[in-house]
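The block underneath contains the structure these notes are about, expressed in C-alpha cells.
Each chain gets a letter, A, B and so on, in the order its sequence line appears, and its residues count up from 1. The shown structure was predicted, so the numbers you read here are calculated from the model rather than taken from an experiment.
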Protein chains: 2
Amino acid sequence: MHVQLLKSKGLKCTPQRLMALKIIEEKGHIDIDQLFENFNNSGMKIPLATLYRILGELSSVGILHTVTLSSQKTRYEIAKGDHPHFLCEQCGQLEDLHVAMNEIVTIAKHACSYSTHSVSIMLHGICQNCSTFPTTDKEEG
Amino acid sequence: MHVQLLKSKGLKCTPQRLMALKIIEEKGHIDIDQLFENFNNSGMKIPLATLYRILGELSSVGILHTVTLSSQKTRYEIAKGDHPHFLCEQCGQLEDLHVAMNEIVTIAKHACSYSTHSVSIMLHGICQNCSTFPTTDKEEG
DNA sequence: ATCACTGCAAAGGGTTTGCAAGTTC
DNA sequence: GAACTTGCAAACCCTTTGCAGTGAT
C-alpha cells in the first residue's frame with residue numbers, strides 16, 4: 001500500500017505522490033514526460049517542477065529506482081531490488097530481465113576487491129517488436 | 001597512433017582532437033570539465049563548446065566510449081570493447097574491471113530473447129581509498 | 001583551393017529553486 | 001497549529017547551434 005510506504009519513509013501522503021506511485025506501478029518504467037502526460041490524462045494537473053521534486057524525493061528515500069540512460073530521459077520504477085534491464089536501441093523501450101542476479105554479481109565481484117553495494121546491468125539491443133517490424137520508424141514506447 | 005585513428009574515421013587531424021585523445025588516454029576516464037582543465041594546464045585554450053563537439057564526434061565514430069552516470073557528469077574513455085566498471089559512490093572515481101565479460105554476458109543473455117549488441121555493467125560501492133580513509137570528505141577524484 | 005573544424009556568442013532546453021498559498025497530520 | 005508540500009515563475013546551468021574565420025589535406 002502506497003500510503004504505508006510513504007509514511008514509513010516519513011513522507012506525507014499527498015494526492016500527487018499517490019498518483020505518481022500509482023502510475024509508475026502501472027507502467028513499470030516511465031520517464032518524467034510520460035508521467036506528466038499520465039497525470040493530465042487522469043485529470044490531475046501538475047507542474048513539471050513538482051513532478052521533478054516528487055521523483056527526486058521518492059528516489060532519495062529509496063521508494064523509486066532511477067535508470068539513467070544516455071541520450072534518453074531517465075526512467076523511474078518502483079524499487080524492487082537490483083535486476084538487469086534490456087534497452088531497445090530503436091524504440092527506447094526498457095524491460096526488466098528476470099534472471100538470477102546472484103550469479104552475475106558473484107562473477108562481477110570477483111573482478112573487484114571493493115565492497116559493492118549494487119550492480120547495474122543493462123543489455124542493449126533490438127526488441128522483439130522492432131525486429132519483427134523493422135520498417136517501423138523510431139518511436140518512443 | 002591517434003593520427004591514424006582519426007584518419008581511419010575520415011576525421012581531420014587537428015591539434016585539439018589529438019590533445020583530447022592524448023589526455024583521455026592518459027587519464028583513462030575523464031569528464032568534460034576535467035578535460036577542459038587539462039587543456040588549460042597544458043597551455044592550450046579551448047572553448048567548452050568545441051570540447052563538446054569533439055567529444056560528440058569522437059564518440060559517434062566509435063573512437064570514444066561514453067559512460068553515462070546519474071547525478072555525475074558523463075565520463076569518456078578510449079573505446080576498447082565492453083568491460084564492466086566500478087564506480088565509487090563516495091569519490092566518484094570510475095575504474096575498469098578486468099573480468100571475462102563473456103560469462104556475464106552469457107548469463108544475462110539467457111534471460112533475454114532479443115538480439116543484444118552490448119552490455120553495460122556497473123558495480124557501485126566504495127573504493128579502496130575511500131574505505132581506508134572514511135573520514136575524507138566527499139571529493140571528486 | 002576546398003571542405004572541415006574551431007572559436008565565439010547567443011540560443012535552447014531540461015532541471016532546480018524561492019516563496020507564497022494550500023495540505024497533511 | 002506546525003511542518004511539509006504544492007504551484008508558479010524565474011533562475012540556473014549544461015549543452016547545442018549559427019556563423020565567420022582558420023586550418024588541414
Side-chain angles (χ1 to χ4, degrees), chain A residues 1-24 30-40 42-61 63-64 66-76 92 140, chain B residues 1-24 30-40 42-61 63-64 66-76 92 140:
Chain A
M1 189 56 167
H2 295 154
V3 176
Q4 315 302 335
L5 191 55
L6 289 169
K7 287 188 176 174
S8 74
K9 300 295 185 176
L11 296 177
K12 293 192 170 172
C13 270
T14 68
Q16 292 85 348
R17 285 172 178 167
L18 290 173
M19 177 65 84
L21 288 173
K22 177 165 171 282
I23 295 170
I24 296 171
I30 199 167
D31 67 32
I32 193 163
D33 290 338
Q34 297 169 325
L35 185 57
F36 181 72
E37 212 177 303
N38 275 269
F39 263 81
N40 286 330
S42 53
M44 185 183 286
K45 292 278 169 276
I46 192 171
L48 264 179
T50 301
L51 273 189
Y52 275 108
R53 258 191 289 229
I54 288 176
L55 291 173
E57 290 158 353
L58 298 186
S59 299
S60 72
V61 300
I63 293 179
L64 294 181
T66 67
V67 182
T68 305
L69 304 170
S70 59
S71 51
Q72 285 192 51
K73 293 194 178 275
T74 297
R75 311 292 172 85
Y76 297 85
E140 301 305 312
Chain B
M1 190 55 168
H2 296 153
V3 176
Q4 315 302 333
L5 191 55
L6 288 169
K7 288 188 177 174
S8 74
K9 301 293 184 177
L11 296 177
K12 292 197 169 168
C13 272
T14 67
Q16 293 85 348
R17 286 171 176 168
L18 290 173
M19 177 65 83
L21 287 172
K22 176 164 171 283
I23 295 170
I24 295 171
I30 199 167
D31 67 33
I32 193 164
D33 290 338
Q34 296 169 325
L35 186 56
F36 181 71
E37 211 176 303
N38 276 269
F39 263 82
N40 286 330
S42 52
M44 185 183 287
K45 291 278 169 276
I46 193 171
L48 265 179
T50 301
L51 273 189
Y52 275 107
R53 258 192 289 232
I54 289 177
L55 291 173
E57 290 158 353
L58 298 186
S59 299
S60 71
V61 300
I63 293 180
L64 294 182
T66 66
V67 182
T68 306
L69 305 171
S70 59
S71 52
Q72 286 192 50
K73 293 195 179 276
T74 296
R75 311 292 172 83
Y76 296 85
E140 303 304 311

To the nearest Å, how far apart are A:Leu11 CG and D:dT6 C1'? 14 Å
Please state how far atom NZ in A:Lys7 lies from atom P in D:dC4, giving the value in whole angstrom units. 16 Å
Within this structure, what is the CG-to-P distance between B:Leu18 and D:dA24, rounded to whole angstrom? 10 Å
Across the strands shown, which category fits A:Leu48 at heavy-atom distances under 4.0 angstrom: base, sugar-phosphate, nothing? nothing
Once you round it to whole Å, what is the distance between P of D:dC14 and CD of B:Gln72? 14 Å
Exercise: identify the closest heavy-atom pair between B:Pro47 and B:Phe36: C-CE1, 4.4 Å
For the side chain of B:Pro47, counting heavy atoms from C-beta on, which of C:dC3, C:dG7, D:dG7 is nearest? C:dG7
Round to a whole Å and report the spacing from CG of A:Leu51 to C1' of D:dA9. 17 Å
Toward the 5' end of DNA chain D, by each residue's nearest nucleotide, B:Lys73 or B:Cys13: B:Lys73
Base, sugar-phosphate, or nothing for A:Thr14, non-hydrogen atoms under 4.0 angstrom? sugar-phosphate
Send over the distance from B:Asp31 CG to D:dC14 P, rounded to a whole Å. 11 Å
N/O donor-acceptor pair, side chain A:Arg53 with base C:dG18, under 3.5 angstrom: yes
Counting C-beta onward and ignoring hydrogens, is there a side-chain heavy-atom pair between B:Leu6 and B:Val61 closer than 4.5 Å? no
Looking across every strand, which nucleic acid part, if any, lies under 4.0 Å from B:Ile46 by heavy atom: base, sugar-phosphate, or nothing? sugar-phosphate
List the atom of B:Ser42, the atom of B:Met19, and the distance in Å for their closest heavy-atom pair. OG-CE, 3.6 Å
Determine the minimum heavy-atom distance between A:Arg17 and A:Lys12, stating which atoms define it. NH1-O, 2.9 Å
Separation of C:dG22 atom C1' from A:Gln16 atom CD, nearest Å, is 10 Å
